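Labels below follow one simple rule: chain letters A, B, ... track the order of the sequence lines, proteins then strands, and each chain is numbered from 1. Any value given below was found using the heavy atoms of this structure, including those in side chains, with hydrogens, waters and symmetry copies removed. Note that the structure is predicted; figures quoted are calculated from it, not measured.
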Amino acid sequence: MVASLNREQQAAVEHGDGPLLVLAGAGTGKTRVLVHRIARLLESGVAPWEILAVTFTNKAAREMRERLVALCGPVAERMWIGTFHATCARLLRRWGEAIGLPRDFLIFDDDDQQKALTALIKEAGFEDQISARTIAARLDYAGNRGLDPLTAFGGPGGDYATQFLEVIVPRYRERLAREKAVDFAGLILKVLELCRHPEVGPRLAGLYRHVLVDEFQDTNLVQYELVRHLSSITRNLTVVGDDDQSIYAWRGAEPRNLLDFDRDFPDVVEIKLEENYRSTSVILDAANAVIGKNLDRRGKALWTERGGGDPIEYLACGDDRGEAETVARTLRGLVDDGACSPGDVCILYRTNAQSRPLEEQLRRFRFEPKVVGATAFFDRKEVKDAIAYLRLLANPDADSAFERVVNVPPRGIGAATVDKLREVARARDVGLLAAARATVRGHGPAFGGASLGAAARKKLGAFVDLMDGLAGVRDGGATLAELLIQVVERSGYREFLEHDDGDGADRMRNLAELVNVASDYQAETADDEPGEGGDAADGADGADAPAARGLAGFLERVALVGAADGADGRGETVTLMTIHMAKGLEFEVVFLCGMEDGLFPSLRPREETDEQAALEEERRLAYVAITRAKRVLYLASARLRRVWGELKAQMPSRFLDDIPPGCFALPRRPAATPAIPRPPAPRRAARPARDEFDQRTWDDDVPVIRHDDDEASGFAPGVTVRHQAFGRGRVVAAHGTGSQQRVVVEFPGIDPTVPMTKTIDARWLARE
DNA sequence: GGTGGTAGACTTTTT
DNA sequence: GTCTACCACC
């Protein structure tokens, strides 16, 4: 912390006005430069609310704020640091009314979106032809690129899915509007709309004197446009990034924003940071060798003044469980020898599914695994239910929340009743809760011809009373935590869970945790309040009832941030996360698991993505993973891995071959190689003999790998196949082998002239 | 309207 | 292997 900045870092910090680009490798002190630069700006008289700092994750935002406060004191607390999404939410709360967005809008997360789309698809009678998932993927794709989902896929009329999008998308937008909700993509698009607004646009452009963006290689076109607008008056735009760490191309990130920055800002000052302060040279050599194989990159070589370091250890294990056990045992050894403490360690993997065996084995070796999952906690059903109650309290027109909770816990209000309510709601053009109220308060069953039996009305009446009672709690000066307790209590949820003999107790604990999260949130924002008041983006809107305000903020936090990672005080906590989550972090000791071809690199064939580009992105991911380690790096792989309950023979990752042999410790098996035999014969026989892939064996010191997709197992293009649900179709393409085989099949769609194309697991197909 | 059983999907990666 | 959405049954 006290260490001085090097020449390049200093130059970046001291840079005055005008555009600045810092192209910085891993571990070169990127964030440090940003923090010092902001501190410098504050020192030179720029007010905190005149600075906007955008980070990629909430965690990064939190960390940056902490470092800034440590460096220049509480003044930094008055500055806005946030992700693109959080920043946009903030701008919309302040200015959104200009484009007709209510101030208390809610944020639809992916799950909400999925549910809404499912309902709309069903309503339109398309459920056999298109999935909510497909439509959501397309909305996401288009939203990340600033495209119209109706024209983004194929020319006039579009492709197969477009015909459904044309019906569903407008209805989806209506639904968002009715529920006063904005989805993730919408957050940014709506702010862009604001930027084009004749009055608000110019004000936004002048709102900040300095705009700084971290991890700029991960911004997409839409985000870039926003940044450009926000900095268009002063042009004081600082961007920091590393093209080698671009790992979000799949969601529209454009590393070109970084590399071609001078196209939009010809007068940009560019500074390169290449001296790495984080890792040993062994680790750096490995990272450089891996990334060096990428062709599409701006050459940049990391170096360090320090030499040597512990060699990288390769743990070749029997199966996924054995891998987990070896990792846990090795770590236990390190900790017991005093080589490191659990808090210094991170266990990384490519896919979330890999965490489970690791968690189990870590527990077995007396560690407390902590999985840093994006949303794990807030994805729990009971948590989502409780949140849905809050959403309905925040906005009585939140029909999706109403549908979620009206019969949770079961109170005898079934689908039939809700259907009738929907009719009433449509006839009177009100929300479901209002419709329920009108129905039970005896404004008669006359609306829309819907009639409800006395029993149904009684039950519905109880629900309306419940919500009214809770609204009373909300307005009666209760804290968020108290409100939540009342929700859980009065809704009967607690009682419901208590009588559950399964995991009811666990679920109750989750709800208790949610109450804690709420109370933390309120404590936290109470502190922030004075600081935020002076903020440029925050108007004088203190008139709202405090409870209601807290509610909207809390719901926003839940949608955007998830849980702030709680204090992991307990002794032997070890952190686990995906590589994606680890970007920007560093650890003394890193275990990188699942170093197997097909898993990492993923090599998942996807339509319309260039295979080479995909592999390069995987390689960048490997680069990110390796450079997380400061001192000690373990790479682990399994010969057999359970995928969907089936054992699969795995080959070591090709990335292992890219690492110079000199970086490794002498070939050594882990002390306790689990007694798992070599891949069973049948499985090997199942592989086509001609596949050069298999030349590699586990005993090769310098293995050679080749990979090839093969279409040899009977699903060649043109073959006619049958699927239980979709009937007869024609194979267009096939990817993968064995249980991994995915086949692209064309089925006749509703419109015979427009075929329906589906990618299906080969296991569900029969040849005809 | 609630329930228990089962077929199908699910495993890239996230705000 | 695990979770879910849906269906047949009560």
How many Å lie between [atom1] on [X] and [atom2] on [N], as a whole number?
X         : N       : atom1 : atom2 : result
Arg133(A) : dT11(B) : CZ    : P     : 6 Å
His580(A) : dT11(B) : NE2   : C1'   : 13 Å
Arg620(A) : dT13(B) : CZ    : P     : 18 Å
Tyr349(A) : dT14(B) : OH    : P     : 9 Å
Arg62(A)  : dT15(B) : CZ    : C1'   : 13 Å
Glu646(A) : dA9(B)  : CD    : C1'   : 14 Å
Asp140(A) : dT15(B) : CG    : C1'   : 9 Å
Glu403(A) : dA5(C)  : CD    : P     : 14 Å

Which part of the nucleic acid, if any, lies within contact of [X], taking any heavy atom under 4.0 Å across all strands shown: a base, the sugar-phosphate backbone alone, or nothing?
X         : result
Ala416(A) : sugar-phosphate
Arg641(A) : nothing
Phe84(A)  : nothing

Counting side-chain heavy atoms from CB outward, which of [options] is closest to [X]?
X         : options                   : result
Arg356(A) : dT11(B), dT13(B), dT2(C)  : dT2(C)
Val643(A) : dT14(B), dT15(B), dT11(B) : dT11(B)
Asn58(A)  : dT15(B), dT11(B), dT2(C)  : dT15(B)
Arg251(A) : dT13(B), dT15(B), dC10(B) : dT15(B)
Trp250(A) : dT13(B), dT11(B), dT15(B) : dT13(B)
Arg350(A) : dT15(B), dT2(C), dT13(B)  : dT13(B)

Please determine whether a side-chain nitrogen of the Lys or Arg among Arg297(A) and Asp243(A) lies less than 4.0 Å from a carboxylate oxygen of the Asp or Glu.
no
Ion pair present between Arg93(A) and Glu556(A), side-chain N to carboxylate O less than 4.0 angstrom?
yes
Using side chain to side chain contact (heavy atoms under 4.5 Å, CB included) as the criterion, list what pairs up with [X], not counting sequence neighbours.
X         : result
Arg356(A) : Glu360(A)
Ala119(A) : Arg175(A)
Ala625(A) : Leu348(A), Ile579(A), Leu592(A)

Answer yes or no: does a side-chain N or O of Thr578(A) lie under 4.0 Å from OP1 or OP2 of dT14(B)?
yes
Give a yes/no on whether any side-chain N or O of Thr57(A) is located under 4.0 angstrom from OP1 or OP2 of dT14(B).
no
Closest nucleotide of DNA chain B for Glu618(A) versus for Thr417(A): which of these residues is on the 5' side?
Thr417(A)
Hey, which of these two, Arg642(A) or Gly414(A), hits DNA chain B nearer its 5' end, going by closest nucleotide?
Gly414(A)
Among residues at least two apart in sequence or on other chains, which ones pass side-chain hydrogen bond (donor to acceptor under 3.5 Å, both in side chains) with Asp109(A)?
Lys384(A)
Does Ser400(A) have any side-chain hydrogen bond (donor to acceptor under 3.5 Å, both in side chains) partners at least two apart in sequence or in another chain, and if so, which?
Glu179(A)
Specify the residues of residues 406-413 of chain A, ordered by number, for which at least one heavy atom lies under 4.0 angstrom from an atom of DNA chain B.
Asn407(A), Gly412(A), Ile413(A)
Going by the angle between their ring planes, with limits at 30° and 60°, are Tyr493(A) and Phe496(A) parallel, tilted or perpendicular?
perpendicular
